[in-house]
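Some notes on the structure that comes next.
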Amino acid sequence: MGEAKTDVLQGTLDLMVLKTLEALGPLHGYGIARRIEQVSENLLQLNQGTLYPALLRLQQRGWIKSEWGTSENNRKAKFYQLSPVGRRQLAVEAKNWERISGVMARLLSGQEG
Amino acid sequence: MPAWLRELASRLKGSFHRSGAEIELSDELQAHVEMLTEENIRRGLDANEARRQARLKLGNDSQTNEDYRRQAGLPFIEVLRQDLHYGLRMLRKSPAFTGIAVLTLALGIGANSAIFSVVNGVLLQPLPYEDPGRLINVFNTAPSRDLDIFGGSPPDFRALRERNQSLTSLSALSINFFNLTGPAQPERLRVAVVSAEYFTTLGVKPVVGRAFLPNEEQWGSHRVVILTDDFWRTHLGADPNIQGKTLTLNGERYDVVGVMSPSFYTAEAPALWAPMAFKPKDSYDSHNNYYLQLLGRLKPGITREQARLDLNGIMTSIAQQFPENKGIGVGLRPLRDQWVGDVRLPLAVLLCAVSFVLLIACVNLANLMLARSAARQKEIAIRSALGAGRKRLIRQFITESILLALLGGALGLGLAYLCLRLLPLAHDLLPRVQQVKLDGWVMLFTLAVSVLTGVLFGLLPAFQSSRARQLNETLKEGGRTSDGSGRNGVRSVLVVAEVALAFLLLIACGLALKSFGQLMRVDRGFDSRHVLSFMVNLPDSYGRGEPDPTQIGAPPKVAAFFQELLPRIEQLPGVKAAGAVTSLPLTGENWLKFFVPLDRPVPASMDKVPTAQYRAITGHYFEALGIRLLKGRLINEHDQANSALSVVVNETLARRFWRDGDPLGKTVLLTPPQSLIPPDEIPAGFRVHSFTVVGVVADAHYGSLDQAPQPLVYASVLQNDYSSSPFITVHTEGDPMALVNSIRSELAQFDNSLPMSNIALMDEVMSQSVAQPRLEAILLAMFGALAMLLASVGIYGVMSYTVTQRTSEFGIRMALGASRSTVLKMVIARGLRLTGIGLAAGLTTSLVLAFAVKKVLARILFGVSTTDPATFVLVAGLLAVVALLACYIPARRATKVDPMIALRYE
């Protein structure tokens, strides 16, 4: 039943992950989750487990790559980074978002004239 | 590559390849928890609380795993794999059920595949020529003279070929027989005599040598032949150097100029092709000889209708110049129709019949599945309680049934292949039989039918078994006593449907059988027992050389052939009579001549001149075939060139022309009256001869048995037109085949370059002429029997199951005083009631159908109407008896129930 909700969230989650990786470089799952929470000022309290299927999907689409490495605490962790295709996709998605949010903003501000 | 496609590919791979992805995930999650825990500790929580919060934040582990797995593969395939695995296991667990089901399906689907292969090869596949859609057959038609379709005449053909605007090319073809002599035994060859551009019209080229040249239609340049691949291999040893090779045909040298490819095939199936050429003043090359088959290719963008108008315009202008063409026009049909038009309807009927058999099998299987799912009800209920949704359960059932159907289909395909191996036996009946094979289309068809069948018979049980109310009840009661009446109701409906379907099929079968029986009962007018017939091909050297219009009847050498050979044959021991005829009964009404009685006003114009079928005979032909003399006398060898010109007519002709009078002694003409023939058409020395009717004989069927005999006039070969390929008929005392060798040596003694061909018993010719209706009747009977078997098994199954379910009820009844016979009657009554409803349903449907398709079916039924009461009553009775038997056995079982045991098991 939660599938419908996830669909909408999927797109935005994808965008957030891609943006995070662009801003911070290669990062592991935990790092990405933390960053998203931070930036959204804890408004987005996502179930962090939902991140992993999303990361898998992004990999399947070829937008991110993964590699095992060591974290700052010398712990073994899987690191993700943007691929060139992913970088391009991010630009496209970002532009789309801006356009849509611009339209929504105008719509919701009750334009007169 | 678009991202979604890459994702799909990745997931596809993931569903078959379970790599170490899941282990990696658990490592990742582990690391994530550790890192979260550390953060929490840093924030001041104690170790345990930190870890607990971390786990909470990460969410449900199993959910994450589940979601991850779903993303990693394609859930659809996952589920399918599970269903298949489960289905296979279930099937393996009940081998008896699986065996019966697969066998039933194999029979039903296999029969469909076999018939479809034939339909595909014969009717659906395009002809094996270039752009076959534009190939057409041009035929002559003269509705005003009651003539539907007949061949063309050579002058008409040449005019059409030259003057048409709508065809890229037009060719003519006729079948002839040449004698091949040489080092080996003389052989009679089937030759297709064609116009020069014949191969171009079809769009094919010889693989060795060349096609015919236009000038080879001229007499003198015409002695060339093109061989089939088969002939080339057997007679020329496949020698690719054909330059200078010759064959001696009819005593003359013919050059071999080309060989066709082994895959080239035409309906005529000749041994070789020769160009069409006529001697100057050859009587065959006249407006009165209609025997050529014309085939042409439409120009691009031209429709058949346009071409027809174009060609008819030419025919009209010909008729203005040559009045004997008045009223003759042309029609066009696709070449494929000419070849296969006749078998379309019978094949359609067979296809319908065989789908009915499959439907009945489906009903049986649905019943079987229902019974089986009743046994599994507990297991299903538990699965449902554990979370399997209704959709999932239904999908599971359908997967099982499709699996069964695919297994049955695969086996059925094998059966169909075996059946098709028998096909060469039918090569006389079925045009294009070479093109019938188990190809990709047939396999696709089988696959589609299998899947459809699986869905069809699986749907009902699937829905039934997954009904929520059903499941509830099962779990509550422990599912022992009689199951929901809902299911019994469904089963009853299925039985009714089965009986109705079987009824329909058996009606079709009964009608076909009766039709065939009627056909065999037709009075053929001759006696085919102990009669041998064979054909002799008299070469050109027997002819006159130059056609002589002053002479009528056979030239001296031909006359000598008959006058010497026939008496010699009659003298052989065991021979009772021998005669000759231009063509045999049951081989076609194929020689039409004008017939003008002179005891009435002369017709006003050419197109009003009546016609009749014509046969030339000599010797004791009528005696040999047992054709009865009704009045007057027969003509025989005593009617010679210098005797009075006499003819004998058949009953139909006598009735047609002299209904209330007496034909004997009347004079007739077998050509148009002199007054109607334009003077410049009459060759020098030609005279119109009149003949006297000297006898009337019984009608013999020269056409097929289901057509009424045409009016026919017999003349002596010595007094009128003869054929250079006459048939000799010999009536013997014992087995005629025993005399073949003696006859052959008599023939050889007369002229050892003449081969004997088409040796056949008249019984065989008889049998051959009804081969198609007979085959159809046999096939339909087989399907009918199969349907009846399936239906009876179905009824038996349902009744048997009902009895088992109601065992306790019967036990109680008998304990309460009901006698065994009462119980017996109860069960039988129920069964008969169902059968009765089924019969009623079947009856109504077949009556409705019979009226709807009356006209269509009337074409293939002979002597029996589509609503023949006797057949209906018989079929209903048969099914009722079968149903009774099917009910009786379980009913007896019901009476054997021991009340005490039944009650104890309650």
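So you know, we letter chains A, B, ... as the sequences are listed, proteins then strands, and number each from 1.
Ranked by non-hydrogen atom pairs under 4.5 Å with chain B, the options A:His28, A:Gln59, A:Lys76 are led by A:His28. The candidate with the highest count of non-hydrogen atom pairs below 4.5 Å against chain B, out of A:Gly62, A:Ser71, A:Ala54, is A:Gly62. Ranked by heavy-atom pairs under 4.5 Å with chain A, the list B:Val33, B:Leu36, B:Asp27, B:Leu56 is led by B:Leu36.
Identified under the salt bridge (charged side-chain N to carboxylate O under 4.0 Å, His left out) test for residues 30-44 of chain B, with sequence neighbours left out: A:Arg34-B:Glu39, A:Arg75-B:Glu34, A:Arg75-B:Glu38, B:Glu34-B:Arg51, B:Glu39-B:Arg43.
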Side-chain polar contacts of residues 87-95 of chain A - donor-acceptor pairs under 3.5 angstrom, sequence neighbours left out - could you list them?
{"unit_1": "A:Gln89", "atom_1": "NE2", "unit_2": "A:Glu93", "atom_2": "OE2", "d": "3.1"}

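Remark: A:Trp68 CH2 is packed, more than 12 non-hydrogen atoms of other residues, nucleotides or ligands lying under 6.0 Å away.
Between A:Pro53 and B:Tyr68, the closest heavy-atom pair is CG-N, 3.8 Å. Looking at every heavy atom in both residues, B:His32 comes nearest to A:Ala33 through CE1-CB, 4.2 Å.
Going from atom CZ of A:Arg61 over to atom CZ of B:Arg11 covers 9.5 Å, rounded to the nearest 0.5 Å. Rounding to the nearest 0.5 Å places CD of B:Glu28 at 4.5 Å from NZ of A:Lys78. The line from OH of A:Tyr52 to OG1 of B:Thr64 is 9.5 Å long, rounded to the nearest 0.5 Å. Taken from CZ in B:Arg69 to CG in A:Leu56, the straight-line distance is 12.5 Å, to the nearest 0.5 Å.
Within residues 401-409 of chain B, no residue has any heavy atom closer than 4.5 Å to a heavy atom of chain A.
Scanning for ring-ring contact (aromatic ring centres under 6.0 Å, His included) contacts around B:Phe397 gives an empty result, with sequence neighbours left out.
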